[in-house]
Amino acid sequence: MATEDTYELNIGPQHPSTHGVFRIKVAMNGETIEDLDMIVGYLHRSMEKLSEERTFTQNIPFTDRADYLAAMSNNLGYCLAIEKIADVIPPQRATVLRVIFAELQRIASHAMANGTLVSDAGAWQTPLMYMFREREKILDLFEMTCGARLTTNYMRIGGVAFEPPDEFYAQLNSLLGELPDRVDEYMEMLSENEIFIARTKNVGIITPEDAINASLSGPALRGSGVPWDLRKAEPYCGYEDYDFEIPVGNIGDSYDRFMVRLFEVKESVKIIKQALNILPKGMHKTQIPLALRPEPDQVYFRTEGPRGELGYFVITDGGPAPYRMHIRAPSFINLSLLKKLATGSSLPDAVVTLGSIDIVVGEIDR
Amino acid sequence: MTLNTLQLPGQELKNIIDSHFPAIISNFSLDWVEIPIDKYLEIITWMKENPEIDAAQLSNITGVDMIDTFEIHLHLQSLDLKKMYSIKVILDRENPVIPSLCSLYIGANLQEREIFDLLGINFDGHPDLRRIFLWEGFAGHPLRKDFLQMDDANPGLPRFPFEEAGKQER
């Protein structure tokens with residue numbers, strides 16, 4: 001990879017800026033990146049192969065471990081795909097609870113993404129800890145509902161596993177009351193901060209054409225000004241009934257992607273408030289057979305995860321396990337443009353670009 | 001099962017393709033359309049450029065081992081028209097080769113490397129066809145159905161908890 005004019009630099013697999021076990025080899029000419037090669041697979045657990053040996057319900061915990069920062073969203077995407085192929089209809093209460101938890105997960109995930117981006121940009125740890133404060137409260141809510149903070153395993157085929165306890169709603173309401181103020185606080189702290197702007201404005205610009213052509217999705221796509229959100233475009237879980245906006249960026253730089261995530265937190269708060277208002281009484285789960293055996297068929301079901309289009313492609317053959325399950329991982333596919341973005345930029349800028357794309361290595365490698 | 005909201009039904013997609021490539025679609029279903037491999041790159045290029053279809057984004061590409069054949073499943077979408085298209089291509093099991101879409105979509109690069117790594121399908125014209133998750137020199141392709149199975153390693157273990165040991169046929 002390195003030529004006469006360049007030297008090779010290795011980043012990772014263990015490095016704070018790679019957000020996990022992820023390795024990048026770069027060919028540097030002075031301070032400029034001339035070539036980049038990414039090496040992934042350190043976390044490959046062959047989930048797709050393992051899923052062929054397990055029943056549909058047994059596969060739910062694997063989806064937690066794909067994107068471990070958005071376990072609820074992964075649970076939801078998988079359960080919706082299986083429900084679609086097996087014609088299971090969850091009760092209305094379960095659907096609304098799912099929306100609440102998926103949106104809480106989105107806030108927690110965006111807090112992590114933005115916190116680490118600011119950390120990558122040089123504000124070592126302080127803003128990260130501020131954003132962890134909100135994430136911590138959300139994880140507390142998860143813990144009191146399903147006993148787990150990170151790998152929740154909360155959604156089930158046909159509903160959700162548990163009813164939230166009574167104190168859940170009081171804590172959730174107080175959190176919803178303070179979250180918009182917190183977002184304003186971050187904006188005050190960072191959006192006009194000279195150093196943060198110098199590190200992120202005009203860094204890693206993605207044009208809308210490139211974003212679409214490279215299959216980008218989520219905040220990476222919306223940061224480039226493309227208003228594409230599957231919650232609006234292809235509504236699931238009754239998202240068409242909620243009133244919310246799709247924040248988009250202007251020029252598609254790292255700063256825009258950061259701001260899109262901050263605004264999305266506010267939109268998620270709006271959605272959760274509406275969901276709490278319409279939360280009906282009733283069952284939280286329908287009964288499904290232990291050995292669910294859907295008809296031979298195929299389904300590709302997509303949801304809008306915190307990182308983008310999270311798709312589950314499932315083929316069944318009439319047996320109790322998927323014949324083939326493919327996870328369309330947004331983190332993995334969002335990396336398609338990394339080489340193009342990094343080539344010609346400096347190394348610190350490439351680190352910020354990678355942070356603004358927001359990868360989770362568990363989901364890249366599966 | 002019903003279609004996804006954005007999904008163009010297979011019948012309608014077949015009619016559009018038929019008007020430009022007569023009598024080429026051999027098979028279609030509620031959601032997908034099967035296209036022959038020798039016209040694959042031509043049809044996808046046309047789908048990307050034709051404003052009636054406008055397949056601007058390759059949403060997902062994946063492969064399946066169907067024991068006698070390999071299948072490639074594509075999910076293309078148009079963000080302007082708000083439509084999604086499912087395409088299926090059947091490959092030879094012994095010598096699976098398919099043209100690469102890297103010249104059309106940047107997003108195909110990593111996904112095709114994943115399919116090459118896990119299923120051993122070759123992509124003709126791919127600029128950088130290497131293994132991605134597994135290491136160079138790894139024996140075999142794990143997502144093939146004839147890859148060493150868990151049952152072979154532990155013949156006594158039932159595959160599913162509610163099945164009796166030893167009875168493992170699907």
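Lettering follows sequence order; numbering is per chain, from 1. Keep in mind it's a predicted model, so treat the numbers as computed, not measured.
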With a 4.5 angstrom heavy-atom cut-off, which part of A/E48 approaches chain B: side chain, backbone, both or neither?
both

Contacting region of B/M66 [heavy-atom separation from chain A under 4.5 Å]:
both

Quick check: closest heavy atoms across A/I315 and B/V64, and the distance to 0.1 Å?
CD1-CG2, 3.6 Å

Contacting region of A/I39 [heavy-atom separation from chain B under 4.5 Å]:
neither

A/K49 side chain vs B/L118 backbone, donor-acceptor pair below 3.5 Å
no

Examine whether an atom of B/I61 lies under 4.5 Å from a heavy atom of chain A, and if so say whether it belongs to the side chain, the backbone or both; otherwise answer neither.
backbone

Hey, is the main chain of A/R328 close enough, under 3.5 Å, to the side chain of B/N60 for a donor-acceptor pair?
no

Please classify the contact between A/L338 and chain B as side chain, backbone, both or neither, with a heavy-atom cut-off of under 4.5 Å.
neither

Chain B heavy atoms under 4.5 Å from A/I212: which part of the residue, side chain, backbone, both or neither?
both

Let me know if B/L104 has heavy atoms under 4.5 Å from chain A in its side chain, its backbone, both or neither.
backbone

Quick check: A/Y300 with B/H73 (ring centres under 6.0 Å apart)?
no

Pair A/R324-B/T62, side-chain donor/acceptor within less than 3.5 Å
yes

Counting heavy-atom pairs closer than 4.5 Å to chain A, which one of B/L79, B/N109, B/I132 comes out on top?
B/L79

Strictly below 4.0 Å, N to O, side chains only: are A/R366 and B/E114 in salt-bridge contact?
yes

Any side-chain donor-acceptor pair under 3.5 Å between B/Y105 and A/S336?
no

Could you list which of residues 222-234 of chain A have a heavy atom closer than 4.5 Å to any heavy atom of chain B, in residue-number order?
A/V226, A/W228, A/A233, A/E234

How about A/F332 and B/F133: are their ring centres within less than 6.0 Å of each other?
yes

Below 4.5 Å from any heavy atom of chain A, which atoms of B/D128 appear? Answer side chain, backbone, both or neither.
neither

Considering only heavy atoms, which portion of A/A86 lies under 4.5 Å from any heavy atom of chain B: side chain, backbone, both, or neither?
neither

Note: B/R130-A/D37 ion pair, threshold 4.0 Å (strictly below):
yes

